A.B. asks: 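I have a structure I would like to understand better, so I am pasting it below and will then ask my questions one at a time.
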Amino acid sequence: MSGPLDIARAAWGEALPDWIETLAIECGKASQNRVATKLERSPTVISQVLRRKYPGNLAALEERVRGVFEAAVILCPALGTMPSHVCQDWRAKGRDFQTGNPLRVRMYRACHGCPRMKKAEEA
């Protein structure tokens, strides 16, 4: 039986991105279910990515993997330094304007002026 890293290497070959290797290694340490929970994605998504069959936005998943497992950080104009996956979560919340929470209003304005939001919308 082959592990997640073997599965990823077989599917991706020489083109195996470093972040997918990180994802496979983390799945080997714990399980796909635990990794999926940490990434707030389904185990099916993780399985499809490792097997190079995921039809969704790989750039968004890459950002999550780098934020959760590689400690990638960004400089937010409103909140300062934060993990990239937290920024991704704020961008998702910031798509809709909501007045009930002052932080949500602040982040809506900050996210809509941020080049990362524009880049994510283009993808």
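Nothing fancy with the numbering, it's 1 onward along the sequence. Just so we're clear, the structure is a prediction, and the values are computed from it rather than from any experiment.
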A.B. asks: Nearest 0.5 Å please: distance from the CD1 atom of Ile20 over to the CD1 atom of Ile25.
C.D. replies: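 Answer for the CD1-CD1 pair, Ile20 versus Ile25, is 12.0 Å.
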
A.B. asks: Just grab all the ring-ring contact (aromatic ring centres under 6.0 Å, His included) pairs involving residues 5-56, residues at least two apart or on different chains.
C.D. replies: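 As it turns out, there is no ring-ring contact (aromatic ring centres under 6.0 Å, His included) pair with a partner in residues 5-56 once direct neighbours are skipped.
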
A.B. asks: So do the side chains of Lys53 and Ser47 get within less than 4.5 Å of each other, counting heavy atoms only?
C.D. replies: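 With C-beta onward as the side chain, the pair stays apart.
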
A.B. asks: Which atoms form the tightest heavy-atom contact between Asp96 and Arg104, and what is the distance?
C.D. replies: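 Distance-wise, the nearest heavy atoms are O-NH2, 4.4 Å.
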
A.B. asks: Taking atom OG1 of Thr44 and atom CD of Gln32, what is their separation to the nearest 0.5 Å?
C.D. replies: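 Rounded to the nearest 0.5 Å, the OG1-CD separation comes to 9.0 Å.
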
A.B. asks: Find out if a path of hydrophobic residues (ILVMFWY) with successive side-chain heavy-atom gaps under 4.5 Å connects Leu23 to Leu5.
C.D. replies: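 In one cluster: no.
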
A.B. asks: How far apart are the closest heavy atoms of Gly67 and Pro83, and which atoms are they?
C.D. replies: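 For Gly67 versus Pro83, the nearest heavy atoms are O-CB, 4.3 Å.
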
A.B. asks: At what distance, to the nearest 0.5 angstrom, does CD of Gln88 lie from CZ of Arg64?
C.D. replies: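 Separation between the atoms: 5.0 Å.
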
A.B. asks: Are Val73 and Met117 connected into the same hydrophobic cluster when the rule is that any two of I, L, V, M, F, W, Y join if their side-chain heavy atoms are below 4.5 Å apart?
C.D. replies: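 Different hydrophobic clusters.
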
A.B. asks: With sequence neighbours left out, what residues match Arg41 under salt bridge (Lys or Arg N to Asp or Glu O under 4.0 Å)?
C.D. replies: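 So Arg41 forms no salt bridge (Lys or Arg N to Asp or Glu O under 4.0 Å) with any residue.
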
A.B. asks: Rounded at 0.5 Å granularity, tell me how far CD1 in Ile46 sits from CG in Leu61.
C.D. replies: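 So the CD1 of Ile46 and the CG of Leu61 are separated by 5.5 Å.
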
A.B. asks: According to the side chain to side chain donor-acceptor pair (under 3.5 Å) rule, which pairs have a member within residues 65-87, sequence neighbours left out?
C.D. replies: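 Output for this query lists Asp18-Arg66, Thr22-Glu70, Glu62-Arg66, Arg66-Glu70.
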
A.B. asks: Got a second to check how far Asp6's CG is from Leu50's CG, nearest 0.5 Å?
C.D. replies: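 If I round to the nearest 0.5 Å, the distance is 11.0 Å.
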
A.B. asks: Walk me through it: do Asp89 and Glu40 pass the test side-chain contact (heavy atoms from CB on, under 4.5 Å)?
C.D. replies: CA-CA 10 Å; Asp89 292 342; Glu40 297 177 349; 4.0 Å; yes

A.B. asks: How long is the gap from CG on Leu75 to SG on Cys114, to the nearest 0.5 Å?
C.D. replies: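 The distance works out to 9.5 Å.
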
A.B. asks: Minimum heavy-atom separation for Ala36 and Pro43, please, with both atom names.
C.D. replies: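 That would be CB-N, 3.5 Å.
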
A.B. asks: Got a sec, which hydrophobics cluster with Phe97, joining ILVMFWY side chains under 4.5 Å apart, including via others?
C.D. replies: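 When side chains under 4.5 Å apart are linked, the cluster holding Phe97 also contains Val105, Tyr108.
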
A.B. asks: Work out which heavy atom in Ala78 is nearest to a heavy atom in Ala110; give both atom names and the distance.
C.D. replies: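 Here Ala78 and Ala110 meet closest at CB-CB, 3.5 Å.
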
A.B. asks: Tell me, please, which residues at least two apart from Lys38 pass salt bridge (Lys or Arg N to Asp or Glu O under 4.0 Å).
C.D. replies: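 Salt bridge (Lys or Arg N to Asp or Glu O under 4.0 Å) check on Lys38 returns nothing, list empty.
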
A.B. asks: Under 4.5 Å side-chain heavy-atom separation, chaining through any Ile, Leu, Val, Met, Phe, Trp or Tyr, what else clusters with Met107? Say none if it is isolated.
C.D. replies: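 Same cluster as Met107: Ile74, Leu79, Met82, Val86, Trp90, Leu103.
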
A.B. asks: Closest heavy-atom contact between Ala11 and Arg52?
C.D. replies: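 Here Ala11 and Arg52 meet closest at O-CD, 3.6 Å.
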
